Each structure stands twice: as structure tokens, then as C-alpha cells.
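Here's the structure we're looking at; comments come further down.
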Amino acid sequence: MKTLTYIFTILFLSVSFVSCSDDDDNTPVEVNPVEGLAMLYKVEAADHTVQFYSEKQNLEVGYNEIYIRIKDLAGNTYVSDAAPSWMPMMHMETMEHSAPHTSLNNTEESSVYKGHIVFQMPSNETEYWDLTLNYTLKGEAKQEVLRVTVAQPADGLKKTSVFTGSDDVRYILAYVNPKEPKVAVNDMQAVLYKMENMMSFPVVENYTITVDPRMPGMGNHGSPNNEDLVYMPSSKLYNGKLSLTMTGYWKINLKLLNANGEVLKGEDVTEANPESSLYFELEF
């Protein structure tokens, strides 16, 4: 009898253990929608906060993806219907101007808004950038003006060009991807804007950007299977292929052609001309 009682006790404990394990397996796992991003700024208001995130550790001259969340402190929840809009502004000693930027849109996580800004110049002691953010919270219009610091890229490499084309139009061309280049044929992306005036920077559509990567330290050799960047209306980015056959320093020589195939900026790389006047730099 004692033996049977012992066996039933073991079975009861085993079933209880399995049941508890099943409950644990079904516990929902909370996903952090900004995991891996750095929170660069946090604006604290009386009843809410506004948080600014980036993949980088600080804002830099060039292309910057920025993520924004607005937290309602009363409910301890993040707001998904804030309809935010923003305006970057550079305050110089003698003038003010904005920068190319997109609208802010909800991501797959609706309480996270995303957009990008292409800063053309860094901040310094007397000249600075700020972001004016407009949004709604519980039906009430809000505005925050945040002074931000924009630095030169930490690697010192050129990934943004501001230039006047042969058509006398001022352009801003910025590198987007690959963020982590590999020895392979990489998907490449860039953005192209023109400066309509000090406040307006429309996207340039249907141009072509030729790609000719070279290694100046290795006899200026090139690589096969590159594809020119062409405009994609769905993303408003220029997409192409960048072939990198080894690690090291690469100069990505570029040429900008308008819709008629006329060269607006840049030159072919030849023995007499080792580099284009329009280029990006990579080192990995």
C-alpha cells in the first residue's frame, strides 16, 4: 500500500510540473520595438514624453533615419494616433535654412514613427540645428522645439555630396545602404534631392546615378557586376548594386545623369582621370 501511495504521489507531482511548464511556454513575450536603437533625445512634458531614437549614436551630416515615440504618462502607454510632423532648421549667423526630409509615418509598430533627414552641415559653437515637432495628444495640438547636435561622420568618410549640376540646380546626394558592406554584390541605395529654395527640397525622380567602385590603394582596380542606381517610386530611393571584391578602402565614383541621359555631375574614371568629382567613400 505504501508503494502505491508513493507512485501516485510521484505521478501527481509530474503532471503538476508539466502543467506549470506548459503555462510558462504560453506566456506572451513582450517585444521591444526600439530594441537596438539608441535614444538620442528625450523631451519631458507635464503629462507625456517625446523620445527620439536612431541606429547611430548621434546625428551626423548625411542620411539619418530617426524614430519617434510619444508616451502618455497618465496611461503609461505609447501613442499611435499623434500624426506627427517635423521641420529641421539650421540657424547660421547670417541665414537660416532647412534640410531634405520625409514625413513621419507609423511603422509596423504603430506607436513608433519613422522618417529621415539629410543634414548638409554639422553644428558648431555659433550655428546649430533644431527640430520643430508638431503632433496631437488626446485631440490637443502640441509643439516641441528640440535643439540637436549634428556631427561629421565618425569614420571621416564622405557619404554626402552637395553640389551644383551643369543645369545650375543645387543637388544633395546621400548614401543610404549598405550599412554593413560585405565582400559580395551588395544592394546599394541613395537619396537625391534638389534645393528648390532655403526651405524646400523635393525628391529628384527618374535620374540615373552610375556606379564605379575603385580601390585607390590597390592600383585603382574596379569590380564587376555593379548596377547603376535608378529611382524607385515606391520608396523614393535610388536602388542599384555595389560589387566589393575585397575589404579595405573603396572610392565609389559616381555620375549623375538626368532623364535625357545628360551628365549633370561626375566623370568617367580613366588612366588620365583616376576619380570622379562625385563620389562616396567606404572602408570595411
Side-chain angles (χ1 to χ4, degrees), residues 28-45 47-73 75-90 98-123 128-137 142-157 159-160 174-182 186-191 193 234-237 239 280 282-284:
V29 177
E30 185 174 350
V31 177
N32 180 1
V34 292
E35 185 174 2
L37 302 177
M39 186 164 70
L40 303 184
Y41 297 99
K42 181 179 180 181
V43 177
E44 298 190 2
D47 56 351
H48 67 283
T49 62
V50 183
Q51 303 166 0
F52 295 79
Y53 294 85
S54 172
E55 294 175 339
K56 304 175 183 177
Q57 296 303 309
N58 51 261
L59 300 178
E60 295 181 345
V61 172
Y63 178 87
N64 296 263
E65 287 183 349
I66 299 172
Y67 302 78
I68 292 176
R69 289 207 299 180
I70 300 169
K71 187 174 185 178
D72 181 355
L73 297 180
N76 196 33
T77 56
Y78 289 96
V79 180
S80 59
D81 60 352
S85 62
W86 58 359
M87 177 61 73
M89 185 66 70
M90 178 68 186
S98 185
H101 62 280
T102 62
S103 57
L104 281 165
N105 298 308
N106 299 82
T107 62
E108 292 183 358
E109 170 52 52
S110 59
S111 64
V112 180
Y113 309 92
K114 177 184 175 183
H116 74 248
I117 300 175
V118 179
F119 294 107
Q120 311 99 306
M121 57 189 299
S123 311
Y128 64 94
W129 288 93
D130 66 28
L131 288 177
T132 298
L133 182 70
N134 291 289
Y135 55 99
T136 61
L137 184 65
K142 303 283 186 181
Q143 183 179 84
E144 299 289 348
V145 180
L146 173 66
R147 185 163 171 167
V148 299
T149 299
V150 177
Q152 291 286 6
D155 59 12
L157 301 178
K159 294 188 176 68
T160 308
Y175 177 95
V176 177
N177 283 310
K179 293 184 176 68
E180 297 180 358
K182 298 177 181 177
N186 298 263
D187 291 328
M188 183 177 179
Q189 293 179 315
V191 290
Y193 291 90
S234 57
S235 63
K236 299 184 179 180
L237 301 172
N239 288 12
F280 295 140
L282 288 179
E283 188 166 18
F284 70 104

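As a basis for the values below, the full set of heavy atoms in this structure was taken, side chains included, without hydrogen atoms, waters or symmetry mates. As the structure is a prediction and not an experimental result, all values here were calculated from the model.
- Taking every heavy atom of both residues into account, Leu133 and Pro84 meet most closely at CD1-CB, 4.1 Å.
- Residues Thr49 and Gln51 meet the side-chain proximity criterion, which asks for heavy atoms closer than 4.5 Å.
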| said: Go through it in stages, so that I can follow the logic: the residues are Glu109 and Ser111, the test is side chain to side chain donor-acceptor pair (under 3.5 Å), and I'd like the CA-CA distance, side-chain angles, deciding distance and then a yes or no. | reply: CA-CA 6 Å; Glu109 170 52 52; Ser111 64; 2.9 Å; yes
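- In this structure, Tyr67 contributes its side chain and Pro33 its backbone to no donor-acceptor pair below 3.5 Å.
- Between Asp47 and Leu137 there is a side-chain heavy-atom pair separated by less than 4.5 Å.
- Distance CE/Met188 to CG/Asn177: 9.5 Å, rounded to 0.5 Å.
- Contact detail for Tyr113 and Asp81: the closest heavy-atom pair is OH-N, 3.4 Å.
- Of all heavy-atom pairs spanning Ser103 and Asn105, the tightest one is OG-ND2, 3.4 Å.
- Here CD1 of Ile70 is found 10.5 Å from OG of Ser80. Values are rounded to the nearest 0.5 Å.
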| Val148 and Leu40: side chain to side chain contact (heavy atoms under 4.5 Å, CB included), yes or no, with the steps? | CA-CA 9 Å; Val148 299; Leu40 303 184; over 6 Å; no
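- With sequence neighbours excluded, the residues forming a side chain to side chain donor-acceptor pair (under 3.5 Å) with Asp155 are Lys159, listed by chain and number.
- Taking the six-membered ring for Trp and thresholds of 30 and 60 degrees, Tyr63 and His116 have ring planes inclined between 30 and 60 degrees apart.
- With sequence neighbours excluded, no residue forms a side chain to side chain donor-acceptor pair (under 3.5 Å) with Lys42.
- For the pair Leu37/Glu55, a side-chain contact is recorded, criterion being any heavy-atom separation below 4.5 Å from C-beta on.
- The two residues Asn58 and Ala151 make their nearest non-hydrogen contact at ND2-CB, 3.9 Å.
- Here the straight-line distance linking atom OG1 of Thr107 with atom CZ of Arg69 works out to 9.5 Å at 0.5 Å rounding.
- Here the closest heavy-atom approach between residue Asp130 and residue Arg147 is recorded as CB-CA, 3.9 Å.
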| task | List the steps and the verdict of side chain to side chain contact (heavy atoms under 4.5 Å, CB included) for Val112 and Tyr78. | result | CA-CA 8 Å; Val112 180; Tyr78 289 96; over 6 Å; no
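- Here the side chain of Ser54 pairs no donor or acceptor atom with the backbone of Ala38 at under 3.5 angstrom.
- If you run side chain to side chain donor-acceptor pair (under 3.5 Å) between Tyr135 and each of Lys142, His48, Gln143, only His48 comes through.
- Side chain of Ser98 to backbone of Pro88: a donor-acceptor contact under 3.5 angstrom is found.
- Counting heavy atoms from C-beta on, the side chains of Val50 and Ile68 come closer than 4.5 Å.
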| Verdict with reasoning, Val61 to Val150, per side chain to side chain contact (heavy atoms under 4.5 Å, CB included) | CA-CA 6 Å; Val61 172; Val150 177; 4.2 Å; yes
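- Gly115 approaches Thr102 most closely through the heavy-atom pair CA-OG1, 3.3 Å.
- Taking CG of Leu146 as the reference point, atom OG1 of Thr132 lies at 9.5 Å (rounded to 0.5 Å).
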| Stepwise side chain to side chain contact (heavy atoms under 4.5 Å, CB included) test for Tyr41 and Leu59 | CA-CA 11 Å; Tyr41 297 99; Leu59 300 178; 4.3 Å; yes
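- Between Asn186 atom CG and Leu282 atom CG the span is 8.5 Å, to the nearest 0.5 Å.
- For Asn106, the side chain to side chain donor-acceptor pair (under 3.5 Å) test picks out no residue, with sequence neighbours left out.
- Atom CZ of residue Phe52 and atom CH2 of residue Trp86 lie 8.5 Å apart, to the nearest 0.5 angstrom.
- At least one side-chain heavy atom of Met121 sits under 4.5 Å from a side-chain heavy atom of Trp129.
- In this structure, Ile117 and Leu131 have side chains that are in contact, with non-hydrogen atoms separated by less than 4.5 Å.
- Residue-environment remark: NZ (Lys179) exceeds the threshold of 12 foreign heavy atoms within 6.0 Å.
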